[in-house]
S.K.: 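Here you go, one structure.
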2 protein chains.
Amino acid sequence: MSLCPKVEKAMQLLGKRWTGLVVKQLLDGPQRFSEIKAGFPISGKLLTERLKELEDEGIVTRKVYAEVPVRVEYRLTEKGRALQAVIGEIEHWAHDWMEIKEQAQLN
Amino acid sequence: MSLCPKVEKAMQLLGKRWTGLVVKQLLDGPQRFSEIKAGFPISGKLLTERLKELEDEGIVTRKVYAEVPVRVEYRLTEKGRALQAVIGEIEHWAHDWMEIKEQAQLN
DNA sequence: TATATTAGGTTACGAAACGTAACAAAAAAC
DNA sequence: GTTTTTTGTTACGTTTCGTAACCTAATATA
């Protein structure tokens with residue numbers, strides 16, 4: 001049985017650096033560029049690129065407020081919010097199975 | 001609220017090219033190197049690398065059969081099988097929301 | 001007029017990840 | 001000794017990524 005192209009495309013999208021975290025961050029509600037950026041150590045260049053990809057996929061919408069200085073808000077579409085189930089399962093699995101090495105292990 | 005390190009690590013792992021597909025493939029049962037490789041267009045070099053990372057994380061085990069020629073079988077651990085829920089949700093979301101552009105669009 | 005301020009990018013450039021293709025190991029068959 | 005087969009490994013060129021400098025636009029300040 002060969003791999004479903006929809007699934008392959010989804011894997012290809014989520015299998016990109018930072019994409020999952022950007023979506024997870026936006027699940028907490030609409031946020032501006034600088035707020036997303038503050039959530040984890042992504043570079044501005046890559047965040048721009050990832051948001052553009054997510055916008056092209058119909059997962060995120062971009063809204064510009066012509067204030068001074070400009071404010072740009074990103075929010076999930078219905079398609080984007082549907083990813084909550086995926087992110088939720090990743091969090092669930094991580095809490096059950098992931099181990100983190102402490103920065104100062106004794107003995 | 002800051003990002004849970006376990007979740008961040010999980011995202012970092014699954015947010016690598018091919019990792020999700022390798023796990024998905026192994027959910028169908030133990031498979032040898034060449035079988036996994038045939039499932040999608042990953043290079044041998046990267047498949048070696050990804051399998052080593054998954055082994056280091058305790059998600060996959062590697063078993064060598066000293067036959068001629070050698071046979072190497074990879075299988076998911078309990079931690080790896082627990083990713084079934086994540087992969088399942090990705091497949092679910094993909095079927096509900098992903099659009100695939102046809103190779104020859106009429107109009 | 002000129003300069004400063006600020007968010008959200010964009011660009012140039014070096015570093016890391018990736019893809020391709022040639023090669024290596026090992027053991028048995030010929 | 002040569003061939004065959006699977007599972008890698010290495011060399012090398014391409015793409016992606018990270019860092020830091022720069023740009024834009026509107027307003028405030030000097």
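Note that the coordinates shown come from a computational prediction; the quantities given were computed from them, not determined experimentally. Residue numbering restarts at 1 for every chain, and letters A, B, ... go by the order of the sequence lines. No hydrogens, no waters, no symmetry mates; every other heavy atom, side chains included, goes into these values.
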S.K.: Which word best sums up how the rings of F40(A) and W18(A) line up, parallel for under 30°, tilted for 30 to 60°, or perpendicular for over 60°?
M.R.: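 The arrangement is parallel - the two ring planes meet at less than 30°.
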
S.K.: What is the nucleic acid contact for V72(B), judged by heavy atoms within less than 4.0 Å: base, sugar-phosphate only, or nothing?
M.R.: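 Counting heavy atoms under 4.0 Å across all strands, the contact made by V72(B) is with sugar-phosphate only.
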
S.K.: Would you compute the distance between atom NZ of K63(B) and atom CZ of R32(B) and round it to the nearest 0.5 angstrom?
M.R.: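 Going from the NZ atom of K63(B) to the CZ atom of R32(B) covers 14.0 Å.
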
S.K.: In Å, rounded to the nearest 0.5 Å, how long is the span from CD of E89(A) to CD of Q84(B)?
M.R.: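 CD of Q84(B) is found 11.0 Å from CD of E89(A).
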
S.K.: To the nearest Å, give me how far apart CZ (R17(B)) and P (dT15(D)) are.
M.R.: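 The answer, rounded to whole Å, is 12 Å.
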
S.K.: Could you check which residues of residues 41-67 of chain A get a heavy atom under 4.0 Å from DNA chain D? Sort them by number, please.
M.R.: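 Here the set is S43(A), K45(A), L46(A), E49(A), R50(A).
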
S.K.: Would you indicate whether E67(B), at its atom CD, is surrounded by more than 12 heavy atoms from other residues, nucleotides or ligands within a distance under 6.0 Å?
M.R.: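 Yes, CD of E67(B) has more than 12 neighbouring heavy atoms, counting only those of other groups under 6.0 Å.
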
S.K.: May I ask you to decide if G80(B)'s main-chain N or O and W93(A)'s side chain share a donor-acceptor pair within less than 3.5 Å?
M.R.: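 No, the answer is negative, given that no donor and acceptor are paired below the 3.5 Å cut-off.
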
S.K.: Among dG8(C), dT27(D), dT7(D), which nucleotide has an atom closest to any side-chain atom of R32(B)?
M.R.: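 From the listed options, dT7(D) comes nearest.
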
S.K.: Starting at atom CH2 of W18(B), determine the distance to atom P of dG19(C), rounded to an integer number of angstrom.
M.R.: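 After rounding, the gap between these two atoms is 6 Å.
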
S.K.: Output the rounded distance in Å from NZ (K37(A)) to C1' (dT6(C)).
M.R.: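 Computing the K37(A):NZ to dT6(C):C1' distance gives 15 Å.
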
S.K.: So how far off straight is the helix from dT1(C)-dA30(D) to dC30(C)-dG1(D), going by the axes through five pairs at either end, to 10°?
M.R.: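 The helix from dT1(C)-dA30(D) to dC30(C)-dG1(D) shows an end-to-end axis angle of 30°.
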
S.K.: What is the minimum heavy-atom distance between R62(A) and E55(A), and which atoms define it?
M.R.: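 The pair with the smallest heavy-atom distance is CB-OE2, 3.7 Å.
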
S.K.: Within this structure, what is the NZ-to-C1' distance between K16(B) and dT16(D), rounded to whole angstrom?
M.R.: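 In whole Å, dT16(D) C1' and K16(B) NZ are 14 Å from each other.
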
S.K.: Rounded to the nearest 0.5 Å, what separates atom CG in L46(A) from atom CD in E49(A)?
M.R.: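 Here the interatomic distance stands at 5.5 Å.
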
S.K.: Of the non-hydrogen atoms in P30(A) and R75(A), which two are nearest, and what is the gap between them?
M.R.: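 Nearest heavy atoms, P30(A) then R75(A): CG-CZ, 3.6 Å.
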
